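A short write-up of the structure that comes next.
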Number of protein chains: 2
Amino acid sequence: MNNKRIELLKIISHPTRIKILEELSRGVKCVRDIEEFLEVRQANISQHLTLLRHSRAVDYYMDGRLRCYFLKDPMVPEILKALKKNYTKDLPAPECCPVTKKGYTLGKGRSK
Amino acid sequence: MNNKRIELLKIISHPTRIKILEELSRGVKCVRDIEEFLEVRQANISQHLTLLRHSRAVDYYMDGRLRCYFLKDPMVPEILKALKKNYTKDLPAPECCPVTKKGYTLGKGRSK
DNA sequence: TTCATATATTCTAATATTTGAATATATACC
DNA sequence: GGTATATATTCAAATATTAGAATATATGAA
């Protein structure tokens, strides 16, 4: 598995950055637009955008004083989709322990 | 967006844990199986499995001395799929800066 | 009960991430 | 030029993550 992809995934995995990416998935936005709907200070948003830029998740157009950000990496929408999906139940558990083919007891760790 | 999902995404985003999850996506495995194909010590694998258990990404069956781990959270395979997908090009960039509807220059930050 | 096997936990040091505060830069407009 | 606006950078402190080492626990077998 490509390590760059995993790094990008890690970068994505932050509440503020997810919000930024979701907003960008609805269309191009400049930093002030992002400031408006997030309760986060400008400098911090800029820090997050810098991370997203460096990991090539986003890119931007400059128009005069504005930087208009947009999504660039095609994995990002896929990840957002997977995050938003409504999962109704757990994956089916295997019939029995396939290693020993014998009976089993359920893991106790599941409630922790 | 559900914060638990984002936390899980962050937990997933680690090279060793991705490898473990990929292996589990091929079928149930006990810890020793995982040790065999990863060049990581048992204690460390156990630490990663503990994280994955606590975030409910995986669960396990006990069979005597063996703990047979399997995938539990349905988002995990979706994320693995998104990671493995062969993305051939970037998302299409917007025609022009939609904020000002004027001409634009491309961001210089893209090469950093 | 004792031993070996399978796995987990605890502790710790190194490192990375996160945020706020302050400051810097770049551009448009006067 | 000077000023206001839009955004980025730097620094530092708080916090979180990571991996290794040592040790603990649980189970099955003898």
Side-chain angles (χ1 to χ4, degrees), chain A residues 3 6-20 24 28-36 38-55 58-70 97 99-100 102-110 112, chain B residues 3 6-20 24 28-36 38-55 58-70 97 99-100 102-110 112:
Chain A
N3 251 13
I6 301 175
E7 272 175 52
L8 172 57
L9 193 65
K10 188 175 171 186
I11 294 286
I12 291 177
S13 308
H14 182 288
T16 302
R17 292 196 284 273
I18 288 280
K19 281 179 198 143
I20 292 173
L24 292 183
V28 185
K29 291 281 178 318
C30 71
V31 179
R32 234 177 31 130
D33 296 334
I34 297 171
E35 266 180 272
E36 250 166 62
L38 277 186
E39 285 157 9
V40 173
R41 294 168 196 230
Q42 178 272 318
N44 189 230
I45 289 175
S46 202
Q47 288 170 338
H48 288 303
L49 285 172
T50 300
L51 276 175
L52 291 171
R53 251 188 293 130
H54 287 181
S55 59
V58 305
D59 202 351
Y60 63 90
Y61 284 133
M62 287 210 63
D63 184 347
R65 288 181 277 189
L66 301 176
R67 285 197 180 192
C68 303
Y69 278 89
F70 57 90
C97 181
V99 174
T100 59
K102 293 193 300 187
Y104 54 81
T105 42
L106 285 177
K108 300 145 198 164
R110 67 184 53 204
K112 255 218 217 154
Chain B
N3 250 13
I6 301 175
E7 271 175 51
L8 172 57
L9 193 66
K10 187 175 171 187
I11 294 286
I12 292 177
S13 307
H14 182 287
T16 302
R17 291 195 285 273
I18 288 280
K19 280 179 197 141
I20 291 173
L24 292 184
V28 186
K29 291 281 178 318
C30 70
V31 180
R32 235 177 30 133
D33 295 333
I34 297 172
E35 265 181 271
E36 250 167 62
L38 278 186
E39 283 157 10
V40 173
R41 294 168 196 227
Q42 178 271 319
N44 189 230
I45 289 176
S46 202
Q47 288 170 342
H48 288 303
L49 285 171
T50 299
L51 277 175
L52 291 171
R53 252 188 293 128
H54 287 180
S55 59
V58 305
D59 201 351
Y60 63 90
Y61 283 133
M62 286 211 62
D63 185 349
R65 290 181 276 191
L66 300 177
R67 285 197 181 194
C68 303
Y69 279 89
F70 57 89
C97 181
V99 175
T100 58
K102 294 195 300 189
Y104 54 82
T105 44
L106 286 177
K108 300 144 196 164
R110 67 184 54 206
K112 256 223 213 146

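Fair warning: this is a prediction, and the values are worked out from it, not measured in the lab. Order of the sequence lines fixes the chain letters, A, B, ..., with proteins taken first and strands second; residue numbering starts at 1 for each chain.
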Task: Gap between atoms CD1 and P, on A:I34 and D:dA6 respectively (whole Å) - done: 14 Å
TODO: Using whole Å, report how far OH of A:Y61 lies from P of C:dA26.
DONE: 22 Å
TODO: Find the distance between NZ (B:K10) and CG (B:L51) and round it off to the nearest 0.5 Å.
DONE: 11.0 Å
Task: side-chain hydrogen bond (donor to acceptor under 3.5 Å, both in side chains) partners of B:S55, counting only residues at least two apart - done: none
Which atoms of nucleotides 16-19 of chain C (N or O only) lie under 3.5 Å from a protein N or O atom, and what are those distances?
residue, atom, partner, partner atom, Å
C:dT18, OP2, A:R17, NH2, 3.1
C:dT19, OP2, A:H14, NE2, 3.4
C:dT19, OP2, A:H48, NE2, 2.9

Task: A:S46: side-chain hydrogen bond (donor to acceptor under 3.5 Å, both in side chains) partners, not counting sequence neighbours - done: none
Open item on the list: Can you confirm whether B:Y69 sits close enough to B:V28 that some side-chain heavy atom of one is under 4.5 Å from a side-chain heavy atom of the other?
Closed with: no
Please tabulate, one pair per line, each protein N/O and nucleotide N/O from nucleotides 1-4 of chain D that are separated by under 3.5 Å, including the distance.
none

Task: Side-chain N,O (B:R41) to OP1/OP2 (D:dA21) below 4.0 Å - done: yes
TODO: Using atom CZ of B:R67 as one end and atom C1' of C:dA8 as the other, report the distance to the nearest whole Å.
DONE: 7 Å
Open item on the list: Side chain of A:R53, heavy atoms from C-beta onward: which of D:dA6, D:dA8, C:dA8 has the nearest atom to it?
Closed with: D:dA8
Open item on the list: Rounded to whole Å, please give me the gap between CZ in A:R32 and C1' in C:dA26.
Closed with: 16 Å
Please list, pair by pair, any protein nitrogen or oxygen found under 3.5 Å from a nitrogen or oxygen in nucleotides 23-25 of chain D.
none

TODO: Consider the side chain of B:L66, meaning its heavy atoms from C-beta on, and name the nucleotide among D:dA6, C:dT7, D:dT9 that approaches it most closely.
DONE: C:dT7
- [ ] May I ask you to evaluate whether B:S46 reaches the phosphate of C:dT7, defined as a side-chain N or O under 4.0 Å from OP1 or OP2?
- [x] no
Open item on the list: Could you work out, with side-chain hydrogen bond (donor to acceptor under 3.5 Å, both in side chains) as the rule, every residue matching A:T50, not counting sequence neighbours?
Closed with: A:R53
